[in-house]
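Quick notes on the structure that follows.
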Amino acid sequence: MKYLSTRGDATPRGFSEILLEGLAPDGGLYLPTQYPKVDAGTLARWRGLAYADLAFEILSLYIADIPADDLRSLVRKTYTEEVFGTREIVPLKPLEPGLVLEALSNGPTLAFKDMAMQLLGNLFEYELARRGQELNILGATSGDTGSAAEHAMRGKKGVRVFMLSPHGRMSPFQQAQMFSLQDDNIHNIAIEGVFDDCQDIVKAVSNDLEFKRHWRIGTVNSINWARLLAQVVYYFAGYFQATQSNDERVSFTVPSGNFGNICAGHVARMMGLPIAQLVCATNENDVLDEFFRTGTYRVRKGAETHETSSPSMDISKASNFERFIFDLLGRDAARTQQLFKDDVDSKGYFTLTPEEFARVAEFGFVSGRSTHADRVATIRDTFERCGVMIDTHTADGVKVARERLQSGTPMIVLETALPVKFAATIVEALGREPERPAAHVGIEALPKRFMVLPADAEKVKAVIELECAVD
Ligand SMILES: *Cc1c(COP(=O)(O)O)cnc(C)c1O
């Protein structure tokens, strides 16, 4: 399997070539040249496989340049009961007839990003060793992504992580998840500023091409194809658990921000997984809901981006969305480039033609939106009626899923985080603190390892140089 760019660069690249890359050189996103189709016989064979073995079957359709035995041991090392808490890895939790949660947040940092990031850590270590190279991952985080990346990369050979976060602005729980790591290859840098300052520093460092090349700077953001591919697996795993036979269809509702998670559902559907609807749930930052209602994709300005109680969905643009639009347009790279490069960059939005927009339905997509009041009401209602405590992001999903139920088609809502990560809203909704998994009790009291720097890219570069020189 080879990869091409959504903006027309069709130089055939293998999986391990794009593994460590962000954007394609032409500014597009990587996609496989075609989606492998899964027939009834294959689905029948996959039903009943252990999660790691299912992951191996799916990944090996997309990865031609890692020997099968190596790939199998990488996924078996990643998806273990020890790391993800259950033998199923992604067990279903019934809420009410026709509506179930798929638990994706029982990994080390209690959010679904662990599902992909844990695999990425093992893939990076493997590929860097094979090439005799090192990689310095530079990132900015306001919480979930940074901690998932650090827990995935800790102790990995050939990898250092430099993670910038806004000093004093993360919750005590989030700080503890990151700053308590004592591994030599993890560097927490608290920046005197806000999240945007952290992101600006990452951009400034990455734009210094000489520095970037010399110090081998990379990222682990959500446009990485390997992350998306790892997420395809749990759509299959959810389907097999929710159905008795491969004639049945299911729908998925996905609490969405950068469109990475639900884009994996789109890939699963393109492969032939019997998915009826892919329901895209947003919070007040409704860029995606607006698109699915109107055909207009309008990027928000900083001042228009709301800070909500489901903060991991607070986006101004959806960085993976171009992948879906490319497929929707029948893989017309010139038209994709026109929409994302010319229109979005110059006007801040694009509008599909009525004929183009009409195709959205063929891809199964619908959407909905949720607000703080909806989240609080949904958390309360789900706890009182179903006895299940859900987090704020999952609550956005459950709220929108209920509006999209179709009789006879099970609806699977992806649970993207555990409630303990967003305790304040749980207290508001239920008047009590969320349950905390045993491994996370008392983590706020652990010794912390981080440095504080002013919002200055040169200071961050100096730290990277120093740490690389020490090793
Ligand atoms: C990242 C994240 C999301 C959004 O996922 P996308 O792939 O960006 O759409 C939703 N919920 C939680 C808890 C997250 O951490």
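Counting starts at 1 for both ligands and their atoms, in listed order. Just so it is clear, the model here is predicted, and its values are computed rather than measured.
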Residue pairs involving residues 106-120 (criterion side chain to side chain donor-acceptor pair (under 3.5 Å); sequence neighbours excluded): Thr109-Asp114
Within the 4.0 Å heavy-atom sphere of ligand 1, strictly under, residues: Phe112, Lys113, Asp144, Pro255, Ser256, Gly257, Asn258, Phe259, Gly260, Asn261, Ser312, Met313, His393, Thr416, Ala417
Asn285 side chain to Asp314 side chain, donor-acceptor N/O pair below 3.5 angstrom: yes
side-chain hydrogen bond (donor to acceptor under 3.5 Å, both in side chains) partner of Arg375, the single match among Thr425, Asn283, Asp396, Thr392: Asp396
Lys/Arg cation over aromatic Tyr35: Arg331, 6.0 Å, 45° cone: yes
Partner set under side chain to side chain contact (heavy atoms under 4.5 Å, CB included) for Glu17, not counting sequence neighbours: Arg13
Summary of ring pair (Phe, Tyr, Trp, His ring centres under 6.0 Å) pairs that have at least one residue in residues 383-402, sequence neighbours excluded: His393-Phe422
